[in-house]
Number of protein chains: 4
Amino acid sequence: MISVSIVNVTSYTGLELLRLLACHPQFEVVSVTARSAVGQRLCDVFPQLRALTASSSVHPEMVITEKPARTDLAFVCLPHAAAAEAVLELVQQGTKVVDLSADFRLHDVAVYEQWYKHVHPAPQMLETAVFGLCERYREQIAQASIVANPGCYATTAILALLPAFAAGIVEPDVVVDGKSGISGAGRSPKQNTHYSEANEDISAYGLDGHRHQPEIVQELIAGAEAGGHPLANGLRLTFIPHLVPMTRGILATCYASLKPEAFERYASKEALRELYTEYYADEPFVHVVDTPPHTKWSYGSNHCFIYPVVDKQAQRLIVVSCLDNLMKGASSQAVQNANRLFGLSETTGLAGIGVYP
Amino acid sequence: MISVSIVNVTSYTGLELLRLLACHPQFEVVSVTARSAVGQRLCDVFPQLRALTASSSVHPEMVITEKPARTDLAFVCLPHAAAAEAVLELVQQGTKVVDLSADFRLHDVAVYEQWYKHVHPAPQMLETAVFGLCERYREQIAQASIVANPGCYATTAILALLPAFAAGIVEPDVVVDGKSGISGAGRSPKQNTHYSEANEDISAYGLDGHRHQPEIVQELIAGAEAGGHPLANGLRLTFIPHLVPMTRGILATCYASLKPEAFERYASKEALRELYTEYYADEPFVHVVDTPPHTKWSYGSNHCFIYPVVDKQAQRLIVVSCLDNLMKGASSQAVQNANRLFGLSETTGLAGIGVYP
Amino acid sequence: MISVSIVNVTSYTGLELLRLLACHPQFEVVSVTARSAVGQRLCDVFPQLRALTASSSVHPEMVITEKPARTDLAFVCLPHAAAAEAVLELVQQGTKVVDLSADFRLHDVAVYEQWYKHVHPAPQMLETAVFGLCERYREQIAQASIVANPGCYATTAILALLPAFAAGIVEPDVVVDGKSGISGAGRSPKQNTHYSEANEDISAYGLDGHRHQPEIVQELIAGAEAGGHPLANGLRLTFIPHLVPMTRGILATCYASLKPEAFERYASKEALRELYTEYYADEPFVHVVDTPPHTKWSYGSNHCFIYPVVDKQAQRLIVVSCLDNLMKGASSQAVQNANRLFGLSETTGLAGIGVYP
Amino acid sequence: MISVSIVNVTSYTGLELLRLLACHPQFEVVSVTARSAVGQRLCDVFPQLRALTASSSVHPEMVITEKPARTDLAFVCLPHAAAAEAVLELVQQGTKVVDLSADFRLHDVAVYEQWYKHVHPAPQMLETAVFGLCERYREQIAQASIVANPGCYATTAILALLPAFAAGIVEPDVVVDGKSGISGAGRSPKQNTHYSEANEDISAYGLDGHRHQPEIVQELIAGAEAGGHPLANGLRLTFIPHLVPMTRGILATCYASLKPEAFERYASKEALRELYTEYYADEPFVHVVDTPPHTKWSYGSNHCFIYPVVDKQAQRLIVVSCLDNLMKGASSQAVQNANRLFGLSETTGLAGIGVYP
């Protein structure tokens, strides 16, 4: 068994990792940390873990510590800045890390510091970290010691637009309208995530700039280049997220003008769908569908559903993409990455489909 | 008292009209119709109407009939096509009509027939009907005999973008990403509005074209012209609606590139907000706010909240606008229009603010 | 106009009072307090109040202070203990008070101190305070200087069971199973009211005793005595509340064994309904209905719906009762009481019916 | 592999069976039926099944037929009456059946016909069918050819009260107040399960008698007898269900007076909890917890959580019990039963814990 620690296990992403790893045949959770719950057992914080069977890879009576034990693998569920420091220590002791924070996603430290407003604690490691999107970097991930698990909005938007940018069919001028369930805001209670405020309400936020924007830009530029259609003048991308009254699920509606020659070719649904289907032909977790997808299809699973279509009148590509923000948008994608890190099949422990309805 | 009939009272918009008119000092409901409930009393269909007091303008024991009585005013809550036929009859007998359907919103019968896929039953009346947005046409409404109450998405998007088009500050290339609560789909149960399907889910729909698109286009073109900035080459507008797991509320996030000279001027929040605030300075129901608005602010009321902002990096105008789809998006806007039709203050019977939280 | 202050206006009950009083023809809000928001304007805390018209009785720009001004009337929205101290000061300066806390609901100071675990700050005033249930004490309320607004669960359960106890038809052995929307827990964010925890979940709480229990007991004993059927051996009452994933609404399902002779008489639905209908014949806000009621019928209104029925096999009376916990369960009942305090019609400013759907 | 058919696969319980069996190591779905969808593929009805991997035991392209193929095992997801006829045919051809309907749950055909208002189609088989509650009848199930999967409310209430009746500590006078998510009403859209009606609402239903009542009575009487404390005078049980605005989850709050001698002994939390803990000591899916349980703890899993407590003032036992109505209340309990039928470990394919939050 591969020994695993979960750093900041009392987060929602930490809890989801417990659920997933409890059924994972190769990983065994041997250490869990959380500053605010040192000395408590997992089942004190999450009474529902009493349901874990004796034979599971997670033990409900495990005591939460301040520092992780030395393990083969660690999942870091800390907020940015704190995450980088923890990752640094873990890597130095030889632990492979999947970092769920934003600290190692951006390659350019200046961009990081501009968006996150603090000095990066470990800029030297930005080069070795790999952006943890298996659909793009599975070979590099297999060799990495730090995997930077992508943001939930970023995963959704990048998967939606990669095929179009790789094929060079759209202008470098994009609007991404994101909609997320409220668990994306984390487990700490706040006024805007108080039930009575968030229920029966939708609102936009991050209108002065949301931190997933540079991730999306970085990866679409890279994807365009990898596809042989580099963006000479960069990418003009507006990303606006919205808070939707549901716990889980994230949906991105992406808009980009088709290049005139591409419009000729992809005005038919079939041609466009074929482009997308081929791009994701071998992916176990990305599915190009022929009806508009629903976030609930992915509830509790690692699956992403994508629906591309053309507004013929406006000659615009529209791609709707959705997934579970805590899963493919966080914890199950982290397990997918961890599987790669240890040479396991990517689908190990991730076979389930969405809980519906 | 002005006598009122409500045609197809068993719809959600019909029910909301009952609630509003029960407290209206000048209108008295004397006739209610609904094909599927002929012979039943209002309180048989809606037991909660038992709460109406004896002195109210609506009587819970009123019997539903097939045809409306001859009244001064009628609200028509039928689906399109059926609505036009009913309106025709009502107008011929001298009744003023607020039509909540789409039948008289589009001035161009060809556009109507292209989007609604049937022959318009009363094309000759398209010219006399007035688009029922008081913020634009209050003088014309006062003289009208048919007011075409705007669509819920259309109201939200048009109010969001009118100031920008009237001032000529944006390119004629717009994306409107709409999000609506589920009551917008009406009162008849369907698979996609079944609780277990719609709860904890968000999805896009109308991806092959939604019927509120031509309304928005028509009114933005007219607004641009009225503001002295006509659109020489028309308007390229993509509108994609989404179904959000809440009963009420509609929010539009609108994206348009700023013209270069406008960007210089409106990159500052203050200048942009001033433009918007001035445009709506005298409006009792449209409020330009300085934090992103929440649909719940408008719950059960006739108020619309608008938040304009610029994405400086992308030089794009973003306007977020929201209201209650059954109210300013339907029934209370209908009452506002009816107030105009009979020379009453627009706010009569509409003083309440949103029920929050 | 009668001058009004709202103490702790930043609570949900304070906000609801603002909404109601904005349309009240006789009360004018001239002073608002809140320790945590001193110096802020109402519209800073609640941006949606921008929708208030200039002519309203509430001014969105009103500045929040620490202490209330001297007014004719005050609504106190503080938690218990803090409330009693504020009430004391207000009464001493000649202000009539509607206290929304529990501090003056229980007549017996020992019972209060047992349940609330602290010394009552003003026991001498318990005698002069009147329990603010107009359906029982409207004459006393008219003469009072302190009205103790009943708890939300207590209002629901008492209204459900009063007719049965007044008529002496049930054994003094009752189960009240309460279900409340989450706004009942107040406006301060906590873990159990965090959206992601409370959504798509139901749970029981207060299993070691909930503080509304003694209120219900006190008032059912009094109601039995007033009806000429005093309870010689007291009342054995179990009350268990539940948290339901909705913002507003409270429903009580009440169970009590029918006395054998009463079973003979009330086994027929009609006889039982007649008993209830007669009891509430003149009440503008309590409605005995003939189908099981829905909390949503009362959304945003002061109305209560009651459905009594007999389980013939078990010879048990079941009464289902529901209302809006922030309205008849708090703020609109407070206005109803305030109307009585100043000799106005009880329905003044409370004419609206529930916002549905 | 054991071959499996699912009859009426387009129901929610059918869909959940697909999800569970897709990961089951021993069962292979080879036949699916649904009268309304004959000729369609599974993925036409449920597009999310596209996420199933090639190696899964369920094939998304499988065509729905009218009649099931001959298989080792069948799950019957039909409504009552239709179910019995299908079961009859299946058993005659040698297929073992787990019937999710009510047709074989009640041993007494007269009780069945009284509550279900039609003649039982196969009364002769009532004797051979086994009530599918492994916690009570695991030995009998292993030998059965028909397993009658219990109702969702019945499972919740029976598990809550069995230890008390088996130990003879309560009077035979019980109130069960049930609360269910809306998926319990099935997949067909109806007015009361229309999103806009059911959202933000709670209501009681079945006030004239709900069909799970006799199941609960039958099994508590049997449990009392099995525990050596037979109920000489039967059981007076009132059961009232409520519709809660959530998709999944069921919670029963059960009330019964403690016998005087039992009150002496079980007034302490510890003694009561010990009684319950011992009763379920070896159960993998029933967990006695020490804080009030939340339905969401069981979301998507086969686990049931039980919390017993005493109201000392009223000397009443209160037991709160909850589970996922589509899982332990239907489909995963059906798989647990099927595991028993074929000599597999009961937990096979059911290892997952609840998806939280």
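Naming: A, B, ... by sequence-line order, numbering from 1 per chain. Everything numeric here is computed off the predicted structure, so don't read it as measured data.
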Requested in this report: Below 4.5 Å from any heavy atom of chain A, which atoms of B:I318 appear? Answer side chain, backbone, both or neither.
Outcome: side chain
Requested in this report: Quick one: sort the A:Y205 and A:Y153 rings into parallel, tilted or perpendicular, breaks at 30° and 60°.
Outcome: tilted
Report task. Would you check, one step at a time, whether the test side chain to side chain contact (heavy atoms under 4.5 Å, CB included) holds for B:V288 with B:Y279? Result -> CA-CA 10 Å; B:V288 181; B:Y279 191 91; over 6 Å; no
Query raised in the report: Which residue pairs pass the ring pair (Phe, Tyr, Trp, His ring centres under 6.0 Å) test when at least one of the two sits in residues 251-273 of chain A, sequence neighbours left out?
Result: none
Report task. Would you please test A:E270 and A:R273 for salt bridge (charged side-chain N to carboxylate O under 4.0 Å, His left out) and show each step? Result -> CA-CA 5 Å; A:E270 292 66 31; A:R273 185 132 35 240; 5.8 Å; no
Report summary line: Counting heavy-atom pairs under 4.5 Å with chain B, the top scorer among A:V309, A:V244, A:T253 is A:T253
Query raised in the report: Are the side chain of A:S321 and the backbone of A:T156 linked by a donor-acceptor contact shorter than 3.5 Å?
Result: yes
Query - Aromatic plane relationship, B:Y116 with B:Y112 - under 30° parallel, 30 to 60° tilted, over 60° perpendicular - result: parallel
Query raised in the report: Which residues in residues 292-307 of chain B have a heavy atom less than 4.5 Å from any heavy atom of chain A?
Result: B:P292, B:P293, B:H294, B:T295, B:K296, B:Y299, B:Y307
Report summary line: Ranking A:S203, A:G181, A:S257, A:C322 by heavy-atom pairs under 4.5 Å to chain B gives rank one to A:S203
Report summary line: Checked A:V310, A:T247, A:V320, A:T291 vs chain B; the most non-hydrogen pairs under 4.5 Å come from A:T247
Query raised in the report: Which one of A:G209, A:A204, A:P357, A:A314 has the most heavy-atom pairs closer than 4.5 Å to chain B?
Result: A:A314
Query - Proximal component of B:H242, with respect to chain A [non-hydrogen, under 4.5 Å] - result: side chain
Requested in this report: Side chain from CB out, backbone as N, CA, C, O: work out which of these in B:V174 comes under 4.5 Å of a heavy atom of chain A, or both, or neither.
Outcome: backbone
Query - Contacting moiety of B:K269, where chain A heavy atoms sit under 4.5 Å - result: side chain
Requested in this report: Take B:D311 and B:R316 through the salt bridge (charged side-chain N to carboxylate O under 4.0 Å, His left out) test and state the conclusion after the steps.
Outcome: CA-CA 5 Å; B:D311 175 346; B:R316 216 183 305 259; 5.3 Å; no
Requested in this report: May I ask you to name which of B:L243, B:L251, B:I250, B:L235 has the most heavy-atom pairs under 4.5 Å with chain A?
Outcome: B:L251
Report task. Heavy-atom distances under 4.5 Å only: say whether A:L237 touches chain B with side chain, backbone, both or neither. Result -> backbone
Requested in this report: State whether the side chain of B:S332 and the backbone N or O of B:K328 hold a donor-acceptor pair below 3.5 Å, judged by distance alone.
Outcome: yes
Report task. Please determine which of B:L161, B:I240, B:T238, B:I158 meets the side chain to side chain contact (heavy atoms under 4.5 Å, CB included) test together with B:V176. Result -> B:L161
Requested in this report: Could you tell me whether the side chain of A:E215 and the main chain of A:R105 form a donor-acceptor pair under 3.5 Å?
Outcome: no
Requested in this report: Just give me the residue among A:R248, A:H194, A:E197 that pairs up with chain B most often, heavy atom to heavy atom, under 4.5 Å.
Outcome: A:E197
